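Whatever order the structure lists ligands and atoms in, that order sets their numbers, starting from 1. Predicted model, so just to flag it, every value in this text is computed and none were measured. Only this structure's heavy atoms are used, side chains among them; waters, hydrogens and symmetry mates stay out.
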Amino acid sequence: MSNQLLNFIGGTWTRSSTSLYLDVINPATAQAMTTVPLSPGAEVDAAVNKAAEAFVEWRRTPAGERIQYLFKLKGLMEEHRDELARIITNECGKTYNESIGELQRGIENVEVACGIPMLMQGYNNEDIARGIDEHMIRQPLGVVAAITPFNFPAMIPFWFLPYAVATGNCFILKPSEKVPMASQRAFELIEQAGFPPGVLQLVNGGKETVDALLDHPAVRAISFVGSTPVAKYIYSRATANGKRAQCQGGAKNPVVVMPDADMDMTTRIMADSAFGCAGQRCLAASVAITIGSAQDAFIERIADAAASRKVGYGLDDGIEMGPVIDSNSKTRIEGLIGQGAEEGAKLVVDGRNKTVNGYEDGYFVFPTVLDHVPPKGEIAKTEIFGPVLSVMRAGDVDEAIQMVNDRTFGNMACIFTSSGAAARKFRYEADAGNIGVNIGVAAPIAYFPFSGWNESFFGDLHGQGHHSVEFYTQTKVVIERWPREWSRQF
Ligand code: NAD
């Protein structure tokens, strides 16, 4: 990759006019790999104009033709799976297997969007009154954009991109400036797939670039994934400017462990959920609420799993967990672990101040387990976004559900149990949009909506599945009268 990443505007790779570039750093080595431009508003303007021009023909292109480009893209993503996964690991830190897994989830969204000719069908009734028919059809919005976070560089853009263009819109991506390399490579594949110029565009940047998208009158819809404060900001500015917005925010996901759970299976799955991707998943289990006799059995096993997890550079053999994204993140996470201990939690496994041989400069925080975390303390509420599991205790399932619901986020809540009645009660009463039963990361597959609630989501229609089709289309209702006597002329 060159030492300056480019934007992809109007079907051409262009160098940004800005003098502001950030280093893109491999978090395992702390070495810069390339630089990314913080594109000015004028470049957003250029991309939006190209998208608006392209929209005229793209919306007239039959859906069956539009998806042929997506079929090609899917093939190219599969062909370049290994290369893309290595880029993800190098810029984001996760292990190679985790990168392959995330890529697969991205590809699955392309597959689902290939069904758009059926998914975007409307409906109709003949004779809503004598001789009058009524139809509902779906039409695309025009120019739409997505702003994405650092933790899934090749999956999250694909929660939006395939549905947006399959339904006939033209789409602009502003990827995270921390992990722009996977998007750069994906857009080279998009170029190879042959999408007409302006249908899919990439503009790198930071806040100024985002604000230009939020304020541009021709941008009709904004999809966002990132932290809750930024999600709130984007939602309010986009909607104040009359745009549709779907903004997915942060999380703090509780998992209830019942005494009747299969404890070996539970701890294995929980360790993957809490420490996989170094805890930098919006669906990571970050709080375990143990009940009764589950407590000691769980702590003992999860402490073993945490202490034995192999931490290192994600492309090395046998590595189970990589670094966190940057030095600020490492400092913040280690500070929060310390704060947890000060608030009275017991540090069962302490992942601070550790290094990996050969990668001494890398931003590694090792798996950490805090027990007896006070439910009302700061550490119980704050999103840590690192490999830290906070354990709390409850007397019974009612108290546990109360603890689950006594929080501001609502991305995911899970229960581990062999009781159908407890599972049903939990599914029914837990205040979160994605529920897992004996599942550690309840990530909806591409044909289901990614249903965050409360402070984890701002908007009405979520990413993926039918919600995406509705988000990226506007309904038009047509009522027709064709008097029978007119047919007698022929
Ligand atoms: P972030 O909010 O810092 O950044 C996300 C995007 O917003 C980036 O593209 C960034 O350039 C842009 N941005 C940042 N600050 C901005 C500002 N002030 N004005 C305009 N744009 C701004 O998030 P992150 O650190 O990249 O990602 C981690 C967060 O994302 C965590 O909170 C995690 O829970 C959340 N997340 C949520 C989901 C979900 O589905 N709910 C999925 C993945 C990640």
Side-chain angles (χ1 to χ4, degrees), residues 20 22 24 27 36-39 41 44 91-94 102 105-106 109 145-160 172-180 182-183 202-215 222-238 245-253 277-286 324-326 328-330 332-333 336 381-386 408-412 432-434 441-444 446 448-459 462-464 467-468:
L20 299 173
L22 297 179
V24 181
V36 61
L38 298 181
S39 304
V44 167
E91 66 180 356
C92 180
K94 61 184 66 171
E102 107 154 64
R105 285 299 182 105
N109 277 283
I147 299 141
T148 52
F150 79 80
N151 63 330
F152 284 95
M155 175 181 78
I156 292 181
F158 285 89
W159 283 352
F160 310 110
I172 300 170
L173 175 66
K174 203 301 284 174
S176 165
E177 62 278 31
K178 293 179 184 168
V179 294
S183 294
L202 173 70
V203 183
N204 287 293
K207 180 167 170 51
E208 187 185 341
T209 324
V210 171
D211 286 346
L213 285 167
L214 299 178
D215 293 343
I222 295 283
S223 303
F224 170 85
V225 182
S227 57
T228 289
V230 182
K232 276 186 184 168
Y233 163 74
I234 302 245
Y235 185 73
S236 54
R237 190 153 170 171
Q246 48 177 196
C247 298
Q248 301 183 206
K252 180 89 179 175
N253 301 305
C277 297
Q280 299 174 120
R281 263 194 299 226
C282 68
L283 294 179
S286 48
V324 298
I325 189 68
D326 55 23
N328 284 343
S329 200
K330 177 176 158 74
R332 192 182 50 79
I333 295 164
L336 285 166
K381 293 186 280 190
T382 307
E383 179 178 38
I384 299 178
F385 221 55
T408 54
F409 294 111
N411 220 29
M412 180 188 87
N434 298 296
V441 179
F448 284 88
F450 195 104
S451 276
W453 282 10
N454 306 336
E455 293 274 296
S456 297
F457 182 71
F458 305 90
H462 298 84
Q464 298 197 146
H467 279 216
S468 271

Undergrad: Could you tell me, atom by atom, which parts of ligand 1 come under 4.0 Å of a heavy atom of W159?
TA: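 Counting from 1, the qualifying ligand atoms are 40 (O).
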
Undergrad: List the closest protein heavy-atom neighbour of atom 15 (N) of ligand 1: residue, atom name, distance to the nearest 0.1 Å.
TA: V230 CG2, 3.6 Å

Undergrad: Do you know the tightest heavy-atom contact between P153 and V179?
TA: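 Looks like CB-CG2, 3.7 Å.
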
Undergrad: When you compare ligand 1 with Q248, is there at least one nitrogen or oxygen pair between them that comes in under 3.5 angstrom?
TA: yes

Undergrad: Under 4.0 Å from atom 34 (O) of ligand 1, is there any protein heavy atom?
TA: yes

Undergrad: Please answer whether the main-chain N or O of L22 pairs with a side-chain N or O of E177 as donor and acceptor at a distance below 3.5 Å.
TA: no

Undergrad: Tell me, which protein residue and heavy-atom name are nearest atom 42 (C) of ligand 1, and how many Å apart are they?
TA: C282 SG, 3.0 Å

Undergrad: Is the closest heavy atom of S176 to ligand 1 under 4.0 Å?
TA: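 Within the 4.0 Å threshold, so yes.
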
Undergrad: May I ask whether F409 has any heavy atom positioned less than 4.0 angstrom from an atom of ligand 1?
TA: no

Undergrad: Taking the inter-plane angle between the rings of F385 and F150 on a 0 to 90° scale, is it parallel (under 30°), tilted (30 to 60°) or perpendicular (over 60°)?
TA: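 Plane angle over 60°, so perpendicular.
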
Undergrad: Give a yes/no on ligand 1: does I156 have at least one heavy atom closer than 4.0 angstrom to it?
TA: yes

Undergrad: Which pair of non-hydrogen atoms, one from S456 and one from A251, has the smallest distance, and what is that distance?
TA: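 Reported closest heavy-atom pair: OG-CA, 4.1 Å.
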
Undergrad: May I ask you to list the atoms of ligand 1 that are less than 4.0 angstrom from any heavy atom of N411?
TA: 41 (N)

Undergrad: Tell me which protein heavy atom sits closest to atom 12 (C) of ligand 1, plus the residue, atom name and distance to 0.1 Å.
TA: I147 CG2, 4.1 Å

Undergrad: Considering only heavy atoms, which of V225, L214, T148 lies nearest to atom 9 (O) of ligand 1?
TA: T148

Undergrad: Given G433, G249, P149, G250, identify the one with the heavy atom nearest to atom 37 (C) of ligand 1.
TA: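 Heavy atom nearest to atom 37 (C) of ligand 1 belongs to G249.
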
Undergrad: Which residue owns the protein heavy atom closest to atom 28 (C) of ligand 1, what's the atom, and how far is it?
TA: F385 CE2, 3.6 Å

Undergrad: If you measure every N/O of G226 against every N/O of ligand 1, is any gap under 3.5 Å?
TA: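 Min N/O separation from ligand 1 is below 3.5 Å for G226.
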
Undergrad: Which atoms of ligand 1 have any heavy atom of V210 under 4.0 Å away?
TA: 20 (C), 21 (N)

Undergrad: Between Y233 and K207, is a side chain to side chain contact (heavy atoms under 4.5 Å, CB included) present by the stated rule, with each step listed?
TA: CA-CA 11 Å; Y233 163 74; K207 180 167 170 51; 2.9 Å; yes

Undergrad: Say whether F150, considering both its backbone and side-chain N or O atoms, lies within less than 3.5 Å of an N or O atom on ligand 1.
TA: yes

Undergrad: What's the verdict on side chain to side chain contact (heavy atoms under 4.5 Å, CB included) for I234 and F458, showing C-alpha distance, side-chain angles and the deciding distance?
TA: CA-CA 9 Å; I234 302 245; F458 305 90; over 6 Å; no

Undergrad: Does only the side chain of N151 get under 4.0 Å from ligand 1, or the backbone, or both, or neither? Count heavy atoms.
TA: side chain

Undergrad: Among all protein non-hydrogen atoms, which one is nearest to atom 18 (N) of ligand 1, and what is the separation to 0.1 Å?
TA: K207 CD, 3.7 Å

Undergrad: Counting heavy atoms only, which of A284, S227, A146 is nearest atom 23 (O) of ligand 1?
TA: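 Going through A284, S227, A146 one by one, S227 has the nearest heavy atom to atom 23 (O) of ligand 1.
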
Undergrad: Would you please test F409 and K381 for side chain to side chain contact (heavy atoms under 4.5 Å, CB included) and show each step?
TA: CA-CA 9 Å; F409 294 111; K381 293 186 280 190; over 6 Å; no

Undergrad: Determine, considering heavy atoms only, which of F224, Y233, F450 sits nearest to atom 7 (O) of ligand 1.
TA: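 Going through F224, Y233, F450 one by one, F224 has the nearest heavy atom to atom 7 (O) of ligand 1.
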
Undergrad: What heavy-atom pair brings K174 and N204 nearest, and what distance separates the two atoms?
TA: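 Closest approach of K174 to N204, heavy atoms only: CD-C, 4.4 Å.
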
Undergrad: By ring pair (Phe, Tyr, Trp, His ring centres under 6.0 Å), which residues pair with F152, not counting sequence neighbours?
TA: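 By the ring pair (Phe, Tyr, Trp, His ring centres under 6.0 Å) rule, F152 matches no residue at all.
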
Undergrad: Which pair of non-hydrogen atoms, one from A442 and one from N434, has the smallest distance, and what is that distance?
TA: O-CB, 3.7 Å

Undergrad: Taking both backbone and side-chain atoms of K174, is any N or O found less than 3.5 Å from an N or O belonging to ligand 1?
TA: yes

Undergrad: Identify the heavy atoms of E91 and P27 that sit nearest to each other, and give their distance.
TA: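 The answer is O-CD, 3.6 Å.
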
Undergrad: Evaluate E383 for polar contact with ligand 1, using N/O atom pairs at a separation under 3.5 Å.
TA: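 E383 vs ligand 1: N/O contact under 3.5 Å present.
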
Undergrad: Could you walk me through whether N151 and I156 pass the side chain to side chain contact (heavy atoms under 4.5 Å, CB included) test, one step at a time?
TA: CA-CA 9 Å; N151 63 330; I156 292 181; 3.9 Å; yes

Undergrad: When only distance counts, is E177 in polar contact with ligand 1, meaning an N/O pair under 3.5 Å?
TA: yes

Undergrad: If you look at every heavy atom in H467 and H462, which pair is closest and at what distance?
TA: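 Residues H467 and H462, closest heavy atoms: ND1-N, 2.9 Å.
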
Undergrad: According to salt bridge (charged side-chain N to carboxylate O under 4.0 Å, His left out), does anything in residues 228-237 pair up with another residue at least two apart or in another chain? List the pairs.
TA: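 Checked against salt bridge (charged side-chain N to carboxylate O under 4.0 Å, His left out) - neighbours excluded - the pairs reaching residues 228-237 are D211-R237, D215-R237, K232-E455.
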
